[in-house]
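Notes to accompany the following structure.
As the structure is a computational prediction, the values presented were derived from the model and not from experiment.
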Amino acid sequence: MGTAAPEDDGTARPRTAIAVLTSGGDAQGMNAVVRAVVRTAIGAGADVYAVYEGLQGLVDGGDRIKKADWGSVGSILHRGGTVIGTARSADFRQRDGRLKAARNLVQHGIDRIVVIGGDGSLSGADLFRSEWTGLLAELADRGEITVDQAQQHTHLMIAGVVGSIDNDMVGTDMTVGADTALHRIVEAIDALASTAASHQRSFVVEVMGRHCGYLALMSAIAGGADYVLIPENPPADGWEDEMCARLRAGRAAGRRDSIVVVAEGARDRSGQPITSQGVRDLLEERLGEDTRVTILGHVQRGGTPSAYDRWMPTLVGHAAAMEVVDAGPDSEPQLIGVHNNRVHRTPLMEAVERTREIPRLIDAGDYEGAMAARGSSFTEMVRVFQGIAQVAPTDVPPGARIAILHAGGLAPGMNTAVRAAVRFGLSRGHTMLGVRGSFQGLIDGHVSELTWGDVEGWVGVGGAELGTSRAVPSVEQYYAVSRALENHGIEALLVIGGHSAYEATYRMLQERDRYPGFQVPVICLPTTIDNNLPGSEMTIGTDTALGEIVSAVDRLKQSAMASRRCFVVEVMGRYCGYLAFMGALSVGAERVYLHENGVRLADLTADVAEMVESFAAGRRFHLAIRNEAASVGYTTDFLCQLFAEESGGAFDVRPMVLGHLQQGGNPSPYDRVHATRLAAYCVDWLSGQIVAGKREWGFVALTDGALSTVPLKTMPDLVDMQFRRPIDPWWLELQPIMGALATEPAEDGR
């Protein structure tokens, strides 16, 4: 959104000045927003001021409003909380406090603000905006500002970014801090599950979220909990019996622990609070089992932000800065959020009002309305949890024989997908079969039935318990694959894997009419750290791999700060630069080298010159990220030798090849939730195919937040088959943002 520039009448105009502040509760990732706002606005030619201690800093003024420069927001991406502080300001709620805030801003020439906070902070800022003209008139009458100052700043322009671990704001898929909070919760549940299993003990885990059950629901799914209680969807009357029956059934099926997750705002259908202590007492009384309560509290707000809570806040911070820089007097304040990984704008007060409506719906007992307000994906995940958490019912009619196999490279989340598919399939009455050893294992007959208990504990385990292989069946082996499908009575096939899995299945589709065993429905589920599959903006495993990159570079930076050093970090991804680019964006790298862009000698020459100049000016650390296949000739070692040779001894250069570290580790909460959602969808789709007598082959896709199945035959139209990557990757559009934040504008003279 922009405004037409006024004609130049020769009159000097004050330089555009904006302020950025964090207010209300803190949230991991706020620093990424602050960094992006400051650097974007400086790059746009504006002066930027950081307001310390939130809205209270506006009221206090003085040294709580400080001009920020490029370097003042360096090395803050990895820090939790907010480096400029936050507070809940009682003074700002009073008009006299807002008068002081207006005076302090005008005295600095500021009439544009980016507010990072919750609904209270955002609505308070909007009230401030609506009063602005009157406040300045009163200040001018008092003589606290000049008439000229009032005339130069006739309107206050604001943009809002939601910083809240609760993920409770309408208008954005994720709020800043929610993903990291989910990490903290799932880490705790994983740790509790291990000790609980050792003693065959039950744990009740209470999580934050106020009126929003997002953290409770998603942590229950990602942590493999047995039961979850959330405010938007209170359990039906008699839930106590149902919960205890589910826990008993889980133990009978092989579980050694029981986990119940309780949202802090949980209640029953009559509106009475359900407390963690109350659930504990109930379980001890009815199950006769040692039960402990863990209230996670503010640990959920703390710690290093996740990879997602670095790159997503960077995007919205950049957009928020441009929103206020370009805003005019008639611009409606916007909430800057994300929708399907894209920056999304919603009128600020519309988002606030719709958010505040949800607690009112809950209080009124309109739980259907509250669930609908949370969105279709939230409702979908409630249904999915019910399907995977309870032991397979015995009163459903027998279904089909559905087989699951892996193919392609390893990706964190493969086990999660198998677990979800097995349990969701069993809940539908299907017989679920596991194929060990990929397609070769199918040929060799390594096929066995998987029960509910067989996949117990797989939700957060890295690797692939069924095994995987990049080897794909040759044309000569198609007959053997077909016979294996027939011999085991397989009526549907779920293939979980990466590009090799998709390509192998596509080739089999081409020969389908020749083999009777291929006359079954088949669907591919995307699991690869390379993020190079059609229809999937973020494949399962990508978030975990990105987290490993961020964690490694964080440690690298700590070691490098003691000396003047440049690091060239090589990451995986084959010919797809997603991990390299998003890793660079998440860690604040100065340069990234991608195969999609190519690496040119002229660019390297410019990079070297800039690097030498910056170290001469006082830089202590330079970071470049290189995709493993960025260039045949300009390898990681070559770049290091080039940079070292040209440094003139002013700085050291070191390579770091992360390698298969990126494929290891337990899947992140996002990858667990995403894998569970996709696996349940695939089983539902295969079930529908079987019932309808159809035999289609496809792959699952996520479009505008909704899952769908794309015919596998269209794969060549969507993928560059030579370089194994999507033809039009969405993330390449983000390159200008990284460029804007990585290089300080020369005209600033700093």
Side-chain angles (χ1 to χ4, degrees), residues 392 396-408 414-415 417-455 458 464-498 500-525 527 679 682-699 709 712-713:
V396 295
R401 291 172 63 82
I402 300 177
I404 307 169
L405 65 77
H406 296 311
M414 282 183 157
N415 287 327
V418 174
R419 171 187 179 271
V422 167
R423 292 191 170 180
F424 202 76
L426 292 173
S427 74
R428 298 297 186 265
H430 299 305
T431 298
M432 305 302 295
L433 306 172
V435 180
R436 297 184 182 274
S438 195
F439 284 104
Q440 188 61 51
L442 178 62
I443 294 171
D444 295 339
H446 300 316
V447 181
S448 59
E449 186 174 338
L450 293 175
T451 67
W452 195 93
D454 288 336
V455 294
W458 287 21
E465 294 295 309
L466 293 181
T468 188
S469 172
R470 295 187 188 276
V472 300
S474 63
V475 175
E476 292 76 18
Q477 291 178 306
Y478 288 174
Y479 175 76
V481 173
S482 174
R483 289 296 297 167
L485 292 170
E486 291 181 273
N487 291 340
H488 291 283
I490 294 171
E491 300 171 75
L493 180 63
L494 171 58
V495 180
I496 301 173
S500 295
Y502 278 51
E503 187 173 356
T505 310
Y506 172 77
R507 290 178 178 176
M508 290 167 60
L509 174 63
Q510 304 306 106
E511 303 291 331
R512 180 186 182 194
D513 293 341
R514 299 177 56 191
Y515 302 100
F518 292 179
Q519 304 305 310
V520 297
V522 177
I523 190 167
C524 295
L525 189 157
T527 53
C682 288
V683 171
D684 265 346
W685 184 82
L686 291 172
S687 301
Q689 289 281 304
I690 294 166
V691 170
K694 296 181 179 180
R695 303 292 183 263
E696 298 174 9
W697 289 32
F699 56 84
T709 304
L712 189 61
K713 64 183 180 182

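Of the inter-residue distances, the one linking L493 atom CG with I523 atom CD1 reads 10.5 Å to the nearest 0.5 angstrom. For the atom pair CZ of R514 and CE of M508, the computed distance is 13.0 Å after rounding to the nearest 0.5 Å. Taking SG of C524 as the start and OH of Y506 as the end, the distance is 12.5 Å to the nearest 0.5 Å. Note that CG of L450 and OG1 of T431 are 11.0 Å apart. Values are rounded to the nearest 0.5 Å. Between the CG atom in L466 and the CG atom in N415 there is a gap of 7.0 Å [rounded to 0.5 Å]. Summarising the geometry, atom NE2 belonging to H446 is positioned 11.5 Å from atom OG belonging to S438; distances are rounded to the nearest 0.5 Å.
The aromatic rings of Y479 and Y515 are tilted relative to each other, their planes meeting at an angle between 30° and 60°.
The minimum heavy-atom distance between R401 and L433, with the atom names listed, is NH2-CD1, 3.6 Å. Taking every heavy atom of both residues into account, G497 and M414 meet most closely at CA-CE, 4.1 Å. Closest approach of S500 and G408 over heavy atoms only: CB-CA, 3.8 Å. Residues V683 and G425 share a closest heavy-atom pair of CG1-CA, 3.7 Å. Across all non-hydrogen atoms, the minimal contact from V435 to G441 is CG1-C, 4.0 Å. A471 and S469 make their closest contact through N-OG, 3.1 Å (heavy atoms, listed as atom of the first residue, atom of the second, distance).
Q477 has its side chain within reach of Q440: a pair of non-hydrogen atoms, C-beta onward, lies under 4.5 Å apart. V447 places none of its side-chain heavy atoms less than 4.5 Å from the side chain of N487. When side chains are defined from C-beta on, I690 counts as touching P521, because their heavy atoms get closer than 4.5 Å. In this structure, V495 and Y502 have side chains that are not in contact, with every pair of non-hydrogen atoms separated by 4.5 Å or more. Within the 4.5 Å cutoff, the side chain of F439 has no heavy atoms near those of the V472 side chain. Side-chain contact between P516 and E486 is present, with at least one heavy-atom pair separated by less than 4.5 Å. Side-chain contact between Q689 and V520 is absent, with no heavy atoms from C-beta onward closer than 4.5 Å.
Salt-bridge check for E503 with R507: passed, with a basic side-chain N closer than 4.0 Å to an acidic carboxylate O.
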Problem set entry | Residues D454, T451; criterion side-chain hydrogen bond (donor to acceptor under 3.5 Å, both in side chains); working and verdict | CA-CA 5 Å; D454 288 336; T451 67; 3.0 Å; yes
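Listed for the S482 side chain is a donor-acceptor partner under 3.5 Å among the backbone atoms of G517. In this structure, H406 contributes its side chain and G467 its backbone to no donor-acceptor pair below 3.5 Å. Between the side chain of Q519 and the backbone N or O of R512, at least one donor-acceptor pair lies under 3.5 Å.
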